[in-house]
Asks: 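Structure incoming, see below.
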Amino acid sequence: MSTIFEEIKACIIDGDDELAVELAEKVIAEKINPVDAVHQGFIKGIEEVGAAWTSGEAFLPDVMMAADAMKAGMDVLEPALANCDKGDASDNKGSIVIGTVKGDIHDIGKNILSALLTAAKFKVYDIGTDQSPENFVKKADEVGAYVLAASALLTTTMKSQKEIVDYLEENNIRDKYYLIVGGGPTSQHWADEIGADGWAETTEEAIKVISNLMVNKPIED
Ligand code: B12
């Protein structure tokens, strides 16, 4: 089984979107755990591309192709992730509004987290990238969610996470929501500094942190 994970990782590095789709379909057909395919294949591939870009061995077009392959494969896997057997299909652990903050278009990590939160039986409302604090709150009000999950991948857009806290405070609604932040340049220190309610480095930790928050507030009707 490790071979298919290696193949997935390699096809992301190569930016081969057709093979990414084929391998994702194989994961489903062979009933391989899609969560393992995400962690041991897809994420490993994009991490390696990111490291190569940082060290100057890869260039922006390589990263864009890898990101496209990632999206193509994840699109195939997402329904399987949503149907992961983690309890009754009617279970709903609570609603979460997730998005990438204002000024930032990175969405791979956010999409993976959305898919895995869905797999963990949360009801996830993904508002997309480049989203203002107002949009997070608007969606949360519309769907009755009290957890906002904000992703930021750039040091320049981390401040947009703080702007969500500011927006909640300015509108006297800080107590109405839990804000969890994440993404490459963020840290627990950063979350504490801006007054966020939680931070996580990985999807597994994020699911734990959000589950703990949900225990503290009742699930909405
Ligand atoms: C792919 C990528 C792109 C793609 C994005 C495609 C897409 N659809 O997302 C493209 C090519 C478009 C791109 C563009 C840019 N990028 Co870019 N990109 C990356 C790259 C290589 C990988 C990011 C990624 O997807 N990682 C994989 C995922 C799985 O990891 P992740 O996002 O960190 O998410 C995980 C955790 O952080 C966590 N998580 C994520 N979100 C959240 C949210 C919550 C609430 C929680 C709890 C957890 C959580 O869970 C995830 C799963 O484990 C990184 C390098 C890197 N090492 O990160 C650079 C990187 C982030 N980009 C960078 C830059 C500079 C840019 C550009 C400005 C480049 C340019 N000159 O145009 C633009 C920015 C455009 C914009 N306005 O946003 C820099 C940022 C540097 C900095 N200090 O700010 C990086 C670090 C590369 C580098 N080393 O220079 N990029």
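For clarity, every value in this text was computed on a predicted model and none was experimentally measured. Counting convention: from 1, in listed order, for ligands and their atoms alike. Note that these values count all heavy atoms, side chains included, but never hydrogens, waters or copies made by symmetry. We number each residue from 1, following the sequence as shown.
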Asks: Any chance you could measure Phe136, atom CZ, to Gln131, atom CD, to the nearest 0.5 Å?
Replies: 6.5 Å
Asks: Going through the checks in order, is the side chain to side chain contact (heavy atoms under 4.5 Å, CB included) test met by Ser211 and Phe122?
Replies: CA-CA 9 Å; Ser211 299; Phe122 290 97; 3.5 Å; yes
Asks: Considering distance alone, does some N or O of Thr156 sit under 3.5 Å from an N or O of ligand 1?
Replies: no
Asks: Evaluate Thr202 for polar contact with ligand 1, using N/O atom pairs at a separation under 3.5 Å.
Replies: no
Asks: Do you reckon Leu213 sits in the same ILVMFWY cluster as Leu113, going by side-chain contacts under 4.5 Å, direct or chained?
Replies: yes
Asks: Is the closest heavy atom of Val49 to ligand 1 under 4.0 Å?
Replies: no
Asks: With a heavy-atom distance limit of 4.0 Å, tell me whether Ala150 approaches ligand 1 through its side chain, its backbone, both, or neither.
Replies: backbone
Asks: Have a look at ligand 1 and work out which part of Thr186, if any, has a heavy atom under 4.0 Å from it: side chain, backbone, both or neither.
Replies: neither
Asks: For Ile46, counting its heavy atoms only, list the atoms of ligand 1 lying under 4.0 Å from any of them.
Replies: 27 (C)
Asks: Considering only heavy atoms of Leu113, which atoms of ligand 1 have at least one such atom less than 4.0 Å away?
Replies: 43 (C), 44 (C), 46 (C), 48 (C)
Asks: Would you mind finding which of Asp107, Ile98, Leu153, Asp68 brings a heavy atom closest to atom 61 (C) of ligand 1?
Replies: Leu153
Asks: Tell me which one of Thr203, Ile105, Asp62, Val101 gets a heavy atom nearest to atom 52 (C) of ligand 1.
Replies: Thr203
Asks: Using a strict 4.0 Å cut-off to heavy atoms of Ala206, name the atoms of ligand 1 that fall inside it.
Replies: 47 (C)
Asks: Among all protein heavy atoms in this structure, tell me which lies nearest to atom 84 (O) of ligand 1, with the distance rounded to 0.1 Å.
Replies: Thr155 N, 2.8 Å
Asks: Got an N/O contact under 3.5 Å between Gly103 and ligand 1?
Replies: yes
Asks: Any side-chain donor paired with an acceptor under 3.5 Å for His39 and Thr203?
Replies: yes
Asks: Starting at OH of Tyr178, measure out to CG of Asn212 and round the result to the nearest 0.5 Å.
Replies: 10.5 Å
Asks: Is it the side chain (CB and beyond), the backbone, both or neither of Val181 that lies under 4.0 Å from ligand 1, heavy atoms counted?
Replies: backbone
Asks: Indicate if Ile108 and Val49 have the same hydrophobic cluster label, given that clusters are the connected sets of ILVMFWY residues with side-chain heavy-atom separations under 4.5 angstrom.
Replies: no
Asks: Within ligand 1, which atoms have a heavy atom of Leu60 less than 4.0 Å away?
Replies: 11 (C)
Asks: Return the CD to CG distance between Glu78 and Leu116, rounded to the nearest 0.5 Å.
Replies: 9.5 Å
Asks: Between the candidates Thr54, Thr129, Leu154, which shows the shortest non-hydrogen contact distance to atom 80 (C) of ligand 1?
Replies: Leu154
Asks: Would you confirm whether any non-hydrogen atom of the protein falls under 4.0 Å from atom 14 (C) of ligand 1?
Replies: yes
Asks: Does a donor on one side chain sit under 3.5 Å from an acceptor on the other, for Trp199 and Glu205?
Replies: no
Asks: Hey, looking at atom 1 (C) of ligand 1, which of Ile210, Val63, Leu179 has the closest heavy atom?
Replies: Val63
Asks: Checking the N or O distance criterion of under 3.5 Å, is ligand 1 in contact with Trp53?
Replies: no
Asks: Among all the protein's heavy atoms, is there at least one whose distance to atom 3 (C) of ligand 1 comes out below 4.0 Å?
Replies: yes
Asks: Compute whether any side-chain donor of one residue and acceptor of the other, for Asp126 and Ser114, lie under 3.5 angstrom apart.
Replies: yes
Asks: Measure from atom 62 (N) of ligand 1 to every heavy atom in Lys102, His106, His39 and give the option owning the shortest one.
Replies: His106
Asks: Among all protein heavy atoms in this structure, tell me which lies nearest to atom 33 (O) of ligand 1, with the distance rounded to 0.1 Å.
Replies: Gly184 N, 3.6 Å
Asks: How long is the straight-line distance from CD1 of Ile8 back to CG of Asp16, given to the nearest 0.5 Å?
Replies: 12.5 Å
Asks: Do any non-hydrogen protein atoms sit less than 4.0 Å from atom 90 (O) of ligand 1?
Replies: no
Asks: At a 4.0 Å threshold, what atoms of ligand 1 neighbour a non-hydrogen atom of Asp104?
Replies: 78 (O)
Asks: Hey, are Asp141 and Tyr177 close enough side-chain-wise for a donor-acceptor pair under 3.5 Å?
Replies: yes
Asks: On a heavy-atom basis, I'd like to know which of Ala67, Gly183, Gly109 is closest to atom 49 (C) of ligand 1.
Replies: Gly183
Asks: Give the atoms of ligand 1, by number and element, whose distance to some non-hydrogen atom of Met64 is under 4.0 Å.
Replies: 11 (C)
Asks: What do you think, any protein heavy atom under 4.0 angstrom from atom 71 (N) of ligand 1?
Replies: no
Asks: Applying the side chain to side chain contact (heavy atoms under 4.5 Å, CB included) criterion to Leu117, which one of Val147, Ile207, Ile112 satisfies it?
Replies: Ile207
Asks: Does Pro185 have a heavy atom less than 4.0 Å from any atom of ligand 1?
Replies: no
Asks: Checking a contact table here: which protein heavy atom is nearest atom 45 (C) of ligand 1, and how many Å away?
Replies: Ile180 O, 3.4 Å
Asks: Suppose we measure from atom 41 (N) of ligand 1 to each protein heavy atom; which comes out shortest, and what is that distance?
Replies: Ser151 OG, 2.7 Å
Asks: Start with the C-alpha gap between Gln161 and Leu179, add the side-chain angles, then the distance that decides, and say whether side chain to side chain contact (heavy atoms under 4.5 Å, CB included) holds.
Replies: CA-CA 9 Å; Gln161 293 178 328; Leu179 173 66; 5.6 Å; no
Asks: For the pair Glu163 and Lys102, evaluate salt bridge (Lys or Arg N to Asp or Glu O under 4.0 Å) and give the outcome as yes or no after the intermediate values.
Replies: CA-CA 9 Å; Glu163 283 165 13; Lys102 191 94 203 128; over 6 Å; no
Asks: Mind checking the CD1-CD1 spacing from Ile164 to Ile194? Nearest 0.5 Å is all I need.
Replies: 8.0 Å
Asks: Minimum distance, heavy atoms only, to atom 38 (C) of ligand 1: which one of Met65, Glu47, Glu204, Glu201 is it?
Replies: Glu201
Asks: Check the pair Arg174 / Asp166 against salt bridge (Lys or Arg N to Asp or Glu O under 4.0 Å), numbers first and verdict last.
Replies: CA-CA 9 Å; Arg174 181 65 190 93; Asp166 293 344; over 6 Å; no
Asks: Please report the interatomic distance CD(Gln40) to CD(Glu6), rounded to the nearest 0.5 Å.
Replies: 9.5 Å
Asks: Counting only heavy atoms not in Glu18 (residues, nucleotides, ligands), do more than 12 fall under 6.0 Å from its CD?
Replies: no
Asks: Give me the nearest non-hydrogen protein atom to atom 57 (N) of ligand 1 as residue plus atom name, then the distance to 0.1 Å.
Replies: Gly50 CA, 4.1 Å
